[in-house]
Protein chains: 2
Amino acid sequence: MTRKPQQQRAKATVDAIVQAGFLCLAKHGIEGTTTRHIADEAGIGVGSLYEYFANKQEVMDAMYQMVVADVVSMIQPLTPRLVKMEIHEAVRTLLYEFRELLMRDDARYLKYASQAVNVAQRDNLEPINKILNDLVVQYVMHHPEVMRLRNLPVMSYIIINGGIFSVIRHLGESAPMLTFDQLAGGLADMAKHVMDGEMRKVDNEQ
Amino acid sequence: MTRKPQQQRAKATVDAIVQAGFLCLAKHGIEGTTTRHIADEAGIGVGSLYEYFANKQEVMDAMYQMVVADVVSMIQPLTPRLVKMEIHEAVRTLLYEFRELLMRDDARYLKYASQAVNVAQRDNLEPINKILNDLVVQYVMHHPEVMRLRNLPVMSYIIINGGIFSVIRHLGESAPMLTFDQLAGGLADMAKHVMDGEMRKVDNEQ
DNA sequence: GCCTTAATCCGAATTGAATCCGAACAATGA
DNA sequence: TCATTGTTCGGATTCAATTCGGATTAAGGC
């Protein structure tokens, strides 16, 4: 029966468990992490873990809550500054803060996020990346005007990764805020805008 | 000791196991799927499963291979048509084909992909989505000219989801093809291009 | 300070799923 | 047909997650 920690030492125990969770995840990976690992790392007995968490998953959930809370409280105080910036600068600033947060404490949040978001890292999205890159290359060959613009690699990387993730996430949503048509149209528009925009940038520099 | 299937019936067994894997995943979710489930669904004994797969993970890997192979062989024959299209049309076409593939056979690939790509669906990225949406709203209030353009929701959705995923994926890569600066700059450029492009579209319609 | 009670901690015992293994059952081919 | 090799099977084993009952410790009233 899981209970709420009331005394000070119990709060410390709960916290130690969550911290140990991050450490173990970093050390052993998500599969290799056992409740005994976590308990040992936290310096407590296995039984104590189950006083406050119904099961291992709840420990993971608590870790997740912590990540989310930290992301939110990273963005919140940043908002007033961000909204006054140019869009370009705002995005960059936010991204660098995000990276800083992920890398903090020996990248513990990043390690968690990598495991949580993306299991298929064991091997490779490589074949898919490859064929999509081939597609881009061939596309460029058929549209010579595109060849002028640089950071094509960057833009493809983002659109490809972002596209795959958005689509999978969207199709899996139970109550999507968007229709698939909107999403697909949006991605298409985005690709077009990026191409036009980059092209224009090149023109202006000439 | 895992072996290669040599006789016809053994090949059928291997195939049945992989197929059963997809069915069980759809039925019980990734956690709820046991080797016995898979074996039962495939109409074989548990032991047989271990003749061809060293462990449960290898079954999952085989499923993954199959998804990847099918994605590749979906794109390959499509390429000649795609490269002749306008970028906008090409992206849309590709996305619709991708969806069709994911939805095929009672969405078996989608169910796999959702589980594989995104564990944290149990609860919510909600807090993060919310704060980011708030950020967008406040941003718009400070930049009234932006207010004119519609499908802001679509564009935010894509940039936010795509951005989060790209960054996590990139930071986790052992041999990244891009620097973080390039990625961040690319995402920022992209946001700018989209804003400019959408704005221009609205202007033209007036 | 002492006692009562609830909170906390513990780790051996239980449970159940993953994996192993050796016997039984087909196929091949001589 | 027999020998050999491939295949299937499900009970036995292993190992991690979870439970449970008792030991230990803090808190508060007297």
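The chains referred to below are lettered A, B, ... by the order of the sequence lines, with proteins before strands, and numbering in each begins at 1.
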query = Taking only N and O in the side chain of B/T13, is any of them less than 4.0 Å away from OP1 or OP2 of D/dT8?
reply = yes
Please tabulate, for the side chains in residues 10-17 of chain B, all donor-acceptor contacts under 3.5 angstrom to protein atoms that are two or more places apart in sequence or on a different chain.
{"from": "B/K11", "atom 1": "NZ", "to": "B/Q6", "atom 2": "O", "distance (Å)": "3.1"}
{"from": "B/T13", "atom 1": "OG1", "to": "B/R9", "atom 2": "O", "distance (Å)": "3.0"}

inquiry  = Just the rounded figure in Å: distance from C1' of C/dA17 to CD1 of B/I38.
reply    = 12 Å
task = Using the salt bridge (Lys or Arg N to Asp or Glu O under 4.0 Å) rule, collect all pairs that involve residues 128-140 of chain A, keeping only residues at least two apart or in two chains.
result = A/K130-A/D134
key: Pairs involving residues 102-111 of chain A, ordered by first then second residue, that meet side-chain hydrogen bond (donor to acceptor under 3.5 Å, both in side chains) (sequence neighbours left out)   = A/Q19-A/R108, A/D70-A/Y109, A/E100-A/R104
Presence of A/Y52 side-chain N/O under 4.0 Å of C/dA7 phosphate oxygens OP1/OP2 = no
task = Could you tell me the separation between the NE2 atom of A/H28 and the C1' atom of D/dA16, rounded to a whole number of Å?
result = 14 Å
Could you tabulate the donor-acceptor pairs under 3.5 Å formed by side-chain atoms of residues 33-48 of chain A, not counting sequence neighbours?
{"from": "A/T33", "atom 1": "OG1", "to": "A/C24", "atom 2": "O", "distance (Å)": "3.4"}
{"from": "A/T33", "atom 1": "OG1", "to": "A/G29", "atom 2": "O", "distance (Å)": "2.7"}
{"from": "A/T34", "atom 1": "OG1", "to": "A/R36", "atom 2": "N", "distance (Å)": "3.3"}
{"from": "A/T34", "atom 1": "OG1", "to": "A/H37", "atom 2": "N", "distance (Å)": "3.0"}
{"from": "A/T34", "atom 1": "OG1", "to": "A/H37", "atom 2": "ND1", "distance (Å)": "3.4"}
{"from": "A/H37", "atom 1": "ND1", "to": "A/G32", "atom 2": "O", "distance (Å)": "3.1"}
{"from": "A/H37", "atom 1": "ND1", "to": "A/T34", "atom 2": "N", "distance (Å)": "3.2"}
{"from": "A/E41", "atom 1": "OE1", "to": "A/K27", "atom 2": "NZ", "distance (Å)": "3.1"}

query = In whole angstrom, what separates A/L49's CG from C/dG11's C1'?
reply = 13 Å
request  = Using a heavy-atom cut-off of under 4.0 Å over every strand shown, decide if A/K11 touches base, sugar-phosphate, or nothing.
outcome  = nothing
inquiry  = Counting primed atoms plus P, OP1 and OP2 as sugar-phosphate and everything else as base, spell out the protein contacts along nucleotides 19-30 of chain C at 4.0 Å heavy-atom distance: B, S or - for each nucleotide, 5' to 3'.
reply    = BSB-----S---
query = Rounding to a whole Å, what distance do you find between B/E31:CD and D/dA16:C1'?
reply = 14 Å
request  = Under 4.0 Å between any heavy atoms, over every strand shown, what does A/I44 touch: base, sugar-phosphate, or nothing? Just pick one.
outcome  = sugar-phosphate
Could you list the donor-acceptor pairs under 3.5 angstrom formed between side-chain atoms of residues 83-92 of chain A and any protein atom two or more places apart in sequence or on another chain?
{"from": "A/K84", "atom 1": "NZ", "to": "A/P80", "atom 2": "O", "distance (Å)": "3.3"}
{"from": "A/H88", "atom 1": "NE2", "to": "B/D189", "atom 2": "OD1", "distance (Å)": "2.6"}

request  = Nearest 0.5 Å please: distance from the OH atom of B/Y112 over to the CG atom of B/L25.
outcome  = 8.0 Å
key: Value in whole Å for how far the P atom of D/dA16 lies from NE2 of A/H37   = 8 Å
